[in-house]
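Have a look at the structure below before the remarks.
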There are 2 protein chains.
Amino acid sequence: MMAVINEQLTKENLSTEEKLKEAARIVFTKKGYAATKTRDIADEAGLNLALFHYYFRSKEKLFEIIMMEKVQQLFSFIAPALNNPDNTLEEKIDWITANYIDMLLKNPDLPIFVLSEIRNNPERFGKTVQLNTYVLKSHFVKQLAERKKDINPIQLFLSFLGMMVFPFISKPIFETTGAVNEAAFKQLMDERKLLIPKWIKMMLE
Amino acid sequence: MMAVINEQLTKENLSTEEKLKEAARIVFTKKGYAATKTRDIADEAGLNLALFHYYFRSKEKLFEIIMMEKVQQLFSFIAPALNNPDNTLEEKIDWITANYIDMLLKNPDLPIFVLSEIRNNPERFGKTVQLNTYVLKSHFVKQLAERKKDINPIQLFLSFLGMMVFPFISKPIFETTGAVNEAAFKQLMDERKLLIPKWIKMMLE
DNA sequence: GTCTATATTTCGATAGAC
DNA sequence: GTCTATCGAAATATAGAC
């Protein structure tokens with residue numbers, strides 16, 4: 001019953017296809033498309049190279065699957081929150097900050113992976129992200145216009161997202177210089193869950 | 001005389017070595033190390049592959065030269081400004097914002113290039129960036145401590161840098177979605193030169 | 001479906017003529 | 001110094017036995 005269902009979700013009992021996908025998620029997000037070798041993925045999955053091609057035909061094909069997932073993970077989570085009609089501007093800010101930082105703590109490589117792959121191959125992402133519809137015409141933006149007319153929502157978003165995302169993009173620097181270790185970083189990010197909303201609200205005064 | 005000197009600086013009259021370096025700057029920063037082929041660089045320079053190896057021996061060697069330049073360009077510019085003993089906290093914030101954004105407008109690919117290469121190969125950058133000495137013990141941090149005791153300078157830096165750098169990291173998304181074109185982006189960044197200092201000063205109240 | 005062996009292509013690097 | 005032609009390794013992809 002429940003036990004059986006859970007058991008199917010453990011690593012060992014994944015299907016071969018899922019083992020390869022999971023390995024691809026790890027290796028692609030850590031090294032990027034170009035630096036990833038198909039052998040790395042097969043090795044990470046504990047399988048051989050032929051199975052990789054049996055299930056996914058090519059490196060490119062599997063990458064597209066993973067990339068779509070990751071873009072979704074990074075962006076789509078914010079759109080519903082921006083369009084929740086049942087809470088205030090302040091509540092939206094609080095909720096998004098706390099939950100987005102938590103998500104990033106679980107997926108620290110996600111932003112730099114997605115953003116650098118988009119840079120490397122912009123053509124591929126024509127319609128993947130629909131910025132206009134869900135962000136620039138969101139309920140959040142309407143509430144913002146009522147509150148404070150003289151602020152460009154794009155400027156606010158750039159700062160809001162920048163404050164949340166930048167620490168994760170620059171994390172490798174802190175780690176290599178030894179300035180901030182793993183535990184200290186987690187601590188800083190937990191503090192930011194309160195700091196960022198406080199700062200954003202100041203900008204709305 | 002002057003005309004002759006200027007002429008030596010035009011593309012056509014560069015030495016073969018400089019042509020290759022310049023081509024490498026363009027291709028490496030645009031595609032990253034792994035996705036760059038030595039042939040791409042030779043093509044970009046309008047030369048053949050053998051010359052590449054004649055001057056630089058290997059892809060790795062030339063990359064290290066370019067990477068060192070780019071890390072320098074991205075970071076070292078801020079350290080002196082943070083340590084200027086002759087101006088106030090506010091003046092430092094104003095100056096850094098205006099000049100850093102201008103530099104980024106001229107080198108929009110710089111941050112994502114450097115940050116993603118550091119992620120891909122953290123070992124290489126053990127001592128390249130000296131965060132502790134020049135940033136965390138800077139004159140800026142001393143002035144900050146006098147002004148506002150209850151703020152962690154790291155938190156402020158993360159927000160300050162994030163607000164400046166993030167727009168450039170996420171620029172490819174705006175471009176591919178068509179939400180913000182080249183001219184509009186420039187306009188937004190010019191506005192940010194005033195917005196960011198205003199916001200940072202609010203955080204110090 | 002899975003594996004070993006191998007084909008095919010790409011890419012970094014070199015040899016050798018001019 | 002510069003170029004054409006190639007080598008040799010590495011990486012993607014496939015063939016074919018089990």
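Protein chains get the first letters and strands the later ones, always in sequence-line order, with residue 1 at the start of each.
The distance from atom CG of B:L49 to atom P of C:dG12 is 8 Å, rounded to the nearest whole Å. The separation between B:F63 atom CZ and C:dA13 atom P is 14 Å, rounded to whole Å. Atom P of nucleotide C:dG12 and atom CG of B:D40 are separated by 8 Å, given to the nearest angstrom. The distance between atom NE2 of B:H53 and atom P of D:dG1, rounded to the nearest whole Å, is 17 Å. Rounding to whole angstrom units, NZ of residue A:K59 and C1' of D:dT14 are separated by 18 Å. Rounded to whole Å, the distance from NZ on A:K61 to P on D:dT12 is 16 Å. The nearest whole Å value for the distance from the CZ atom in B:R57 to the P atom in C:dG12 is 16 Å. Straight-line distance from the CG atom of A:L51 to the P atom of C:dT2: 5 Å, rounded to whole Å.
Across D:dT2, C:dT2, C:dC11, the shortest atom-to-atom separation from the side chain of A:N48 is found for C:dT2. In this structure, of C:dA13, D:dT14, C:dG1, it is D:dT14 that holds the atom nearest to the side chain of A:A50. Side chain of A:T38, nearest nucleotide from D:dT12, C:dG12, C:dT4: D:dT12. The side chain of A:K37 sits closest to D:dT12 out of D:dT12, D:dC3, C:dT2. Taking the side chain of A:T16 as heavy atoms from C-beta on, and the options C:dT2, D:dT12, C:dG12, the nearest nucleotide is C:dT2.
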When you look at B:M103 and B:I78, which way does the side chain to side chain contact (heavy atoms under 4.5 Å, CB included) test go after all the steps? CA-CA 11 Å; B:M103 185 275 288; B:I78 282 186; over 6 Å; no
Yes or no on side chain to side chain contact (heavy atoms under 4.5 Å, CB included) for B:L144 and B:L204, after CA distance, side-chain angles and deciding distance? CA-CA 8 Å; B:L144 182 63; B:L204 302 180; 3.4 Å; yes
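Heavy atoms of A:Y54 sit under 4.0 angstrom from at least one base atom. Here A:F56 lies out of heavy-atom contact (under 4.0 Å) with every strand. If you check every strand for non-hydrogen atoms under 4.0 Å, B:T36 touches sugar and phosphate atoms only.
Nearest-nucleotide mapping onto DNA chain C: of A:R39 and A:G46, the residue sitting toward the 5' end is A:G46.
Cation-pi geometry between A:K21 and A:F56 is not met: the NZ or CZ atom fails to fall both under 6.0 Å from the ring centre and inside 45° of the normal.
The aromatic ring centroids of B:F157 and A:F166 lie 6.0 Å or more from each other. Between A:F28 and A:F113, a ring centre-to-centre spacing not shorter than 6.0 Å is recorded.
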